[in-house]
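See below for the structure under consideration.
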Amino acid sequence: MSTPGPLFRPFDKLVKIAVGDKEFEVPEGNMLLRAFQYLSPEDISYGRFCWNEECQYCRVGLILARTRRTGWRFPAS
(Lines give C-alpha, C1' and ligand atoms only; values in the text may rest on other atoms or scores of the structure.)
Protein backbone atom coordinates (compact mmCIF):
# COMPACT_ATOMS: atom_id res chain seq x y z
CA MET A 1 0.00 0.00 0.00
CA SER A 2 1.32 3.41 -0.88
CA THR A 3 1.21 6.43 1.41
CA PRO A 4 1.28 9.26 -1.14
CA GLY A 5 0.96 12.15 1.29
CA PRO A 6 -1.92 14.23 2.64
CA LEU A 7 -3.75 14.81 -0.66
CA PHE A 8 -4.54 11.24 -1.63
CA ARG A 9 -5.99 8.29 0.25
CA PRO A 10 -3.63 5.32 0.53
CA PHE A 11 -3.97 2.97 -2.43
CA ASP A 12 -2.77 -0.47 -3.48
CA LYS A 13 -2.93 -0.02 -7.23
CA LEU A 14 -3.65 2.33 -10.08
CA VAL A 15 -6.90 1.84 -12.00
CA LYS A 16 -7.73 2.89 -15.55
CA ILE A 17 -10.26 5.60 -16.29
CA ALA A 18 -11.27 6.90 -19.70
CA VAL A 19 -11.72 10.60 -20.36
CA GLY A 20 -13.07 11.10 -23.84
CA ASP A 21 -11.06 8.73 -26.01
CA LYS A 22 -7.96 8.68 -23.75
CA GLU A 23 -7.18 6.28 -20.91
CA PHE A 24 -5.32 7.23 -17.74
CA GLU A 25 -4.18 5.40 -14.62
CA VAL A 26 -5.15 6.96 -11.30
CA PRO A 27 -4.98 5.87 -7.62
CA GLU A 28 -7.71 3.44 -6.61
CA GLY A 29 -10.23 4.61 -4.01
CA ASN A 30 -9.68 8.36 -4.42
CA MET A 31 -12.43 10.73 -5.49
CA LEU A 32 -12.60 11.68 -9.15
CA LEU A 33 -11.42 15.24 -8.55
CA ARG A 34 -8.40 13.89 -6.64
CA ALA A 35 -7.73 11.50 -9.54
CA PHE A 36 -7.60 14.47 -11.90
CA GLN A 37 -5.28 16.24 -9.46
CA TYR A 38 -3.01 13.17 -9.55
CA LEU A 39 -2.82 13.54 -13.35
CA SER A 40 -2.37 17.32 -13.42
CA PRO A 41 -1.45 18.67 -9.97
CA GLU A 42 -0.93 22.31 -10.90
CA ASP A 43 -4.01 22.79 -13.08
CA ILE A 44 -6.46 21.14 -10.69
CA SER A 45 -4.97 22.70 -7.55
CA TYR A 46 -5.49 26.19 -8.88
CA GLY A 47 -8.87 25.51 -10.51
CA ARG A 48 -12.11 27.04 -9.29
CA PHE A 49 -13.38 23.98 -7.44
CA CYS A 50 -15.02 24.03 -4.02
CA TRP A 51 -14.25 20.32 -3.36
CA ASN A 52 -17.60 19.80 -1.64
CA GLU A 53 -19.99 19.92 -4.64
CA GLU A 54 -21.60 23.24 -3.68
CA CYS A 55 -20.33 25.35 -6.58
CA GLN A 56 -21.16 22.80 -9.33
CA TYR A 57 -18.09 23.91 -11.37
CA CYS A 58 -16.64 20.44 -11.09
CA ARG A 59 -19.83 18.53 -11.91
CA VAL A 60 -19.24 15.75 -14.42
CA GLY A 61 -21.24 12.95 -15.96
CA LEU A 62 -20.02 9.40 -16.13
CA ILE A 63 -21.11 6.01 -17.30
CA LEU A 64 -20.34 3.24 -14.82
CA ALA A 65 -21.50 -0.28 -15.67
CA ARG A 66 -24.07 1.17 -18.09
CA THR A 67 -25.50 3.50 -15.44
CA ARG A 68 -25.26 7.24 -16.00
CA ARG A 69 -24.44 9.34 -12.92
CA THR A 70 -23.52 12.97 -12.31
CA GLY A 71 -21.42 14.62 -9.63
CA TRP A 72 -17.77 14.21 -8.68
CA ARG A 73 -17.76 12.24 -5.44
CA PHE A 74 -17.09 8.92 -7.08
CA PRO A 75 -14.19 6.75 -5.94
CA ALA A 76 -11.91 5.53 -8.70
CA SER A 77 -12.29 1.77 -8.77
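Predicted model, so just to flag it, every value in this text is computed and none were measured. Numbers here are sequence positions counted from 1.
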Shortest non-hydrogen contact from Phe36 toward Ile17: CE2-CD1, 4.2 Å
Side chain to side chain donor-acceptor pair (under 3.5 Å) partners of Asp21, counting only residues at least two apart: none
Nearest-0.5 Å distance that lies between atom CD in Glu28 and atom NZ in Lys16: 14.5 Å
Full working for side-chain contact (heavy atoms from CB on, under 4.5 Å) between Leu14 and Val26: CA-CA 5 Å; Leu14 297 176; Val26 297; 5.7 Å; no
Arg9 CZ to Met31 CE distance, which is reported to the nearest 0.5 Å: 4.0 Å
